[in-house]
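Below, read A as the first sequence line, B as the second, and so on, with proteins coming before strands; counting in each chain starts at 1. Predicted model only: the values in this text are computed from it and were never measured.
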There are 2 protein chains.
Amino acid sequence: MAQVKNTYQFEDLLEKHQLKKTGARLRVLSMMYAKNTATSQPDLESVMHDIDRVTLYRILNVFEEKGIIHKVFDLNGTANYAVCSSGCHEHHHHDEHLHFNCTACKGVFCLNELSLPAINLPEGFQASGFTLYASGLCPKCNKMQ
Amino acid sequence: MAQVKNTYQFEDLLEKHQLKKTGARLRVLSMMYAKNTATSQPDLESVMHDIDRVTLYRILNVFEEKGIIHKVFDLNGTANYAVCSSGCHEHHHHDEHLHFNCTACKGVFCLNELSLPAINLPEGFQASGFTLYASGLCPKCNKMQ
DNA sequence: TAGTAAATGCAATCGTGTTGCATTAGTGTT
DNA sequence: AACACTAATGCAACACGATTGCATTTACTA
């Protein structure tokens, strides 16, 4: 679900993470918080023509490092980013929820409300993180069928 | 677990899917069936220098279409391919098992023996497939720690 | 064994990700 | 308010996997 925030809250968020409050970062934040799907770098580029690709790339990277957003790959293997739930901290993500890839609109949905069931790994494997991907039709595309 | 097959069985496999029995395809099959980890295109290239990159790319694609192998992305978003379990058919994969990404050796393991617990999606979402990714240390790298 | 369609090799292109470096813009201080 | 300092940005360039078009070769079939 999209989380509505205003500019002041985004500035606070940047300050909290010791990041300078630049226009590019505020715009990226407001776009990502306004959507309920994950955003790829091409998505950002197509909207923010005036911001350099590399800048967007670095903004996404630093946001991920700081635990503001998390990375998730779509069906094509391209990185998508979504705002983290409150449980995320620097270098310690809690993105162990379900990522839904819509095969029609290509949207990537983070279904935070679902938690993963416990998984027992075979002997020897030691897991540090889990991600569950589902692919299919999102509610909107499902209706259009 | 690696599935041991001989050349005749690979030829049968190709014939079953109406694919011509070429040297390149047989070599790719024998390499993939011999391993218990998924194989990326770079992996294949580094071993089979005499086969063109594009040929390998097309072989992997046609194998995936026919349901012989399935695609899985590693932590970097690069495609890896692993032989399908017997339940796979053309355009209808049953790769709903656990994919384990080793953060040390970068190996991608398909743990077929684990089946996923049932997942209840929110209203409106209609899933056609699930994939569970885990990242951490594989048995070999775990021992080396 | 000759003909045909499929498979391959080569050249080239695209898109995402990545680094280095010069320039610009935030931020804290006087 | 001007300054200094560091972080952030823009630009150029590159790395590399993925992808297409086309000419050539190879595998199958009649």
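Contacts of Asp50(B) classified as side-chain hydrogen bond (donor to acceptor under 3.5 Å, both in side chains), with partners at least two apart in sequence or in another chain: Arg27(B). Residues forming a side-chain hydrogen bond (donor to acceptor under 3.5 Å, both in side chains) with Ser40(B) (at least two apart in sequence, or on another chain): Asp43(B). Under the rule for a side chain to side chain contact (heavy atoms under 4.5 Å, CB included), the partners of Thr78(B) that lie at least two apart in sequence or sit in another chain are Asp74(B), Asn76(B). Legend: residues meeting side chain to side chain contact (heavy atoms under 4.5 Å, CB included) with Thr103(B), ordered by chain and number and at least two apart, are Leu75(B), Ser135(B), Leu137(B). In this view, Arg58(B) satisfies the salt bridge (charged side-chain N to carboxylate O under 4.0 Å, His left out) rule with no residue, not counting sequence neighbours. Residues satisfying the salt bridge (charged side-chain N to carboxylate O under 4.0 Å, His left out) test with Glu45(A), not counting sequence neighbours, are Arg53(A). Scanning for salt bridge (charged side-chain N to carboxylate O under 4.0 Å, His left out) contacts around Arg25(A) gives an empty result, with sequence neighbours left out. Looking at residues two or more places apart in sequence or on another chain, you find a side-chain hydrogen bond (donor to acceptor under 3.5 Å, both in side chains) between Lys21(B) and Glu15(B). Here Pro122(B) pairs with Leu111(A), Glu113(A), Leu114(A), Phe125(B) under the side chain to side chain contact (heavy atoms under 4.5 Å, CB included) rule; sequence neighbours left out.
Comparing Asn61(B) and Lys21(B), the nucleotide of DNA chain D nearest to each residue sits closer to the 5' end for Asn61(B).
Applying a 4.0 Å cut-off to non-hydrogen atoms, the residues of residues 37-45 of chain B that approach DNA chain D are Gln41(B), Pro42(B), listed by residue number.
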Protein-to-nucleotide contact annotation, 5' to 3' order, nucleotides 1-11 of chain D [B base; S sugar-phosphate only; - none; under 4.0 Å, heavy atom]: -----BSSBBB
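Taking five base pairs at each end of the helix from dT1(C)-dA30(D) to dT30(C)-dA1(D), the local helix axes there meet at an angle of 30°, rounded to 10°.
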